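A quick write-up on the structure given underneath.
Note that the structure is a prediction, hence the values are computed from the model and not measured. Position 1 is the first residue of the sequence; numbering continues from there.
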Amino acid sequence: MSPSSFVTPVMKLYKMRSVILSTGMTESAKALTGQTVRTVDPKVGFYVHQREFAVTVPADDSVSILGSDDATTCHLAVLRHTGNGVTCVAHFDELNIMMAVSSMVNAVKGFSAGCTDGCLELHLIGGFCDDRRMSKKISLQILEAFGKQQEDVHLKTFCVTELNDVVKNGIHWPIIYGIGVDVKTGEIFNASFPDRGPDEVLRSVRTSEGRLMEKIYDSESRQVQIEPFCWYPYRHVEELLAQSDEVLLQCLSTSPLVEPPHFISHIKKMLMFLRDHPCPSVFFPEGKPRVYKRNSEGLWDRVYS
């Protein structure tokens with residue numbers, strides 16, 4: 001088996017990872033980690049939250065760049081069909097990786113039916129040498145999940161765990177927190193997203209409720225669709241809001257020493273949302289999804305049936 005491809009899971013997983021780390025793929029990781037961070041224009045980019053994936057095509061006139069950030073132990077994956085340019089971005093944590101990978105592959109396949117040229121290329125970025133070794137566990141599980149797919153998946157970028165790690169003052173940090181991909185050219189770059197909408201906090205609440213990976217963007221209709229879900233009133237939300245930033249970090253982060261500066265403010269927004277909105281049905285009247293479409297100014301407008 002070529003060290004740059006997954007064809008069938010014929011190699012032991014740890015051996016596969018060892019081969020990957022010993023090949024020239026480390027050079028592509030160095031090239032990526034050596035980039036400066038590029039800020040994505042909210043009018044052309046679309047942000048994928050944790051446990052979400054989005055798939056689109058080069059002809060999409062609403063989204064030019066897909067991506068995500070704030071990945072510490074989490075991993076970001078780009079799956080692209082080289083024949084027709086169909087591109088999918090997913091933000092993985094440790095939850096139900098096998099099902100999430102299958103959903104991602106099936107989404108790209110759905111747009112690639114009848115395309116006889118090209119192949120599926122995978123770019124995997126994220127994680128670092130965390131004390132709990134959670135990043136390494138996620139890396140291996142994602143490799144295993146893609147290795148078990150029926151389709152040939154060619155691994156082109158592998159910038160995870162130790163390849164995405166730097167030590168500062170004795171503490172391990174991820175080098176890259178976010179990536180963007182140009183859906184027209186396939187270029188992948190170190191990115192940050194100032195805009196994470198629409199419905200940034202609501203979508204984050206969905207993640208906090210333990211929901212599985214979900215497709216969030218439909219390129220055929222050019223719409224963002226947030227399916228109805230339930231949450232329950234947090235009995236101790238006021239108590240949590242009264243805690244210091246340090247306590248919130250220790251209690252609510254998998255990697256409290258290396259979270260981005262806005263982590264705590266985002267957590268507090270979620271807690272206040274849960275306190276102020278105990279009834280999910282208000283956001284999903286008649287059990288209908290929340291749908292958004294980009295307007296001529298590049299902003300996401302709510303679509304009402």
Side-chain angles (χ1 to χ4, degrees), residues 4-9 13 16 20 45-58 60 63 65-71 73-113 115 118-127 135 137-160 178-183 186-188 191 193 203 206-207 210-221 223-227:
S4 63
S5 302
F6 297 140
V7 182
T8 55
L13 191 56
M16 177 191 293
I20 290 169
F46 180 71
Y47 185 84
V48 178
H49 283 257
Q50 189 173 338
R51 294 186 201 151
E52 290 181 349
F53 72 92
V55 59
T56 192
V57 296
D60 191 336
V63 174
I65 295 172
L66 285 176
S68 188
D69 61 14
D70 281 4
T73 55
C74 286
H75 286 41
L76 309 176
V78 178
L79 187 65
R80 191 169 189 271
H81 195 291
T82 61
N84 56 16
V86 173
T87 302
C88 182
V89 172
H91 189 137
F92 287 91
D93 58 18
E94 73 281 3
L95 183 68
N96 212 334
I97 289 174
M98 187 66 71
M99 181 180 293
V101 165
S102 294
S103 297
M104 191 179 183
V105 171
N106 289 334
V108 174
K109 282 174 55 183
F111 281 93
S112 304
C115 183
C119 64
L120 293 178
E121 289 188 345
L122 173 65
H123 306 266
L124 194 59
I125 300 101
S135 297
K137 178 182 177 182
I138 294 173
S139 297
L140 292 173
Q141 288 181 346
I142 294 176
L143 286 176
E144 180 181 28
F146 274 105
K148 288 184 175 180
Q149 301 303 304
Q150 292 182 347
E151 295 72 17
D152 294 354
V153 180
H154 301 263
L155 184 62
K156 301 299 290 185
T157 304
F158 191 71
C159 185
V160 302
I179 55 102
V181 55
D182 187 316
V183 300
E187 178 195 7
I188 294 172
F193 289 76
R203 288 160 65 191
R206 177 189 169 277
T207 301
R211 313 292 293 190
L212 300 180
M213 184 79 80
E214 184 171 288
K215 180 182 174 184
I216 192 69
Y217 178 72
D218 179 22
S219 65
E220 291 183 316
S221 64
Q223 292 180 341
V224 178
Q225 185 161 304
I226 305 166
E227 296 295 335

Taking every heavy atom of V48 against every heavy atom of V89, the minimum-distance pair comes out as CG1-O, 3.9 Å

**Message:** Just so I know, are the side chains of V63 and Y217 near enough to count as touching, which here means a heavy-atom distance under 4.5 Å?
**Reply:** yes

Separation between CD (Q141) and CG (N96), nearest 0.5 Å, reads 10.0 Å

Item to complete: Might you confirm whether atom CE of M98 has over 12 heavy atoms from other residues, nucleotides or ligands at distances under 6.0 Å?
Response: yes

On a heavy-atom basis, the closest approach of G67 and F193 is CA-CZ, 3.4 Å

Check ion pair E214-R206 (N to O, under 4.0 angstrom)
yes

Sorted by chain and residue number, the salt bridge (Lys or Arg N to Asp or Glu O under 4.0 Å) partners of R80 (sequence neighbours excluded) come out as none

**Message:** Counting C-beta onward and ignoring hydrogens, is there a side-chain heavy-atom pair between H75 and S135 closer than 4.5 Å?
**Reply:** yes

| K137 atom NZ, over 12 foreign heavy atoms within 6.0 Å | no

Problem - Verdict with supporting geometry, H91 and F53, side chain to side chain contact (heavy atoms under 4.5 Å, CB included) - result: CA-CA 7 Å; H91 189 137; F53 72 92; over 6 Å; no

So CZ of F146 and CD1 of I97: to nearest 0.5 Å the spacing works out to 10.5 Å

Item to complete: Kindly indicate whether the side chain of V55, heavy atoms from C-beta on, has any atom under 4.5 Å from the side chain of T87.
Response: no

Less than 4.5 Å apart, side chain to side chain, heavy atoms only: is that true for I125 and C159? yes

Nearest heavy-atom contact between Y47 and S68 is CE1-CA, 3.7 Å

Of all heavy-atom pairs linking G180 and A191, the shortest is N-CB, 3.4 Å

H81 and G118 have their tightest heavy-atom pair at CE1-C, 4.0 Å

Interatomic distance, CG@L76 vs CD1@I142, rounded to 0.5 Å, equals 9.0 Å

>> In the structure I gave you, are the side-chain heavy atoms of Q149 and S102 within less than 4.5 Å of one another anywhere?
In response: yes

Output, in order, the C-alpha distance, side-chain angles, deciding distance and verdict of side chain to side chain contact (heavy atoms under 4.5 Å, CB included) for H49 and R203.
CA-CA 7 Å; H49 283 257; R203 288 160 65 191; 3.2 Å; yes

(request) Begin with the C-alpha distance, continue with both residues' side-chain angles, and end with the deciding distance and a verdict on side chain to side chain donor-acceptor pair (under 3.5 Å) for S221 and D218. (result) CA-CA 6 Å; S221 64; D218 179 22; 2.9 Å; yes

Distance col, row E227:CD vs I216:CD1, nearest 0.5 angstrom, shows 8.5 Å

So salt bridge (charged side-chain N to carboxylate O under 4.0 Å, His left out) across residues 81-109, not counting sequence neighbours, yields R51-D93, K109-E151

message: With heavy-atom distances below 4.5 Å as the criterion, would you say the side chains of V183 and I65 are in contact?
response: no

Between the CG atom in L124 and the CG atom in L122, the distance rounded to the nearest 0.5 Å is 5.5 Å

Checking T56, L79, V57, L120 against V86 for side chain to side chain contact (heavy atoms under 4.5 Å, CB included), the one that qualifies is V57

NE2 (H123) and CD1 (I188) are apart, to the nearest 0.5 Å, by 4.0 Å

Between A77 and M104, the two heavy atoms sitting closest are O-CE, 3.4 Å

Practice prompt. Apply side chain to side chain contact (heavy atoms under 4.5 Å, CB included) to F111 and S219, showing your working.
Written response: CA-CA 10 Å; F111 281 93; S219 65; 3.2 Å; yes

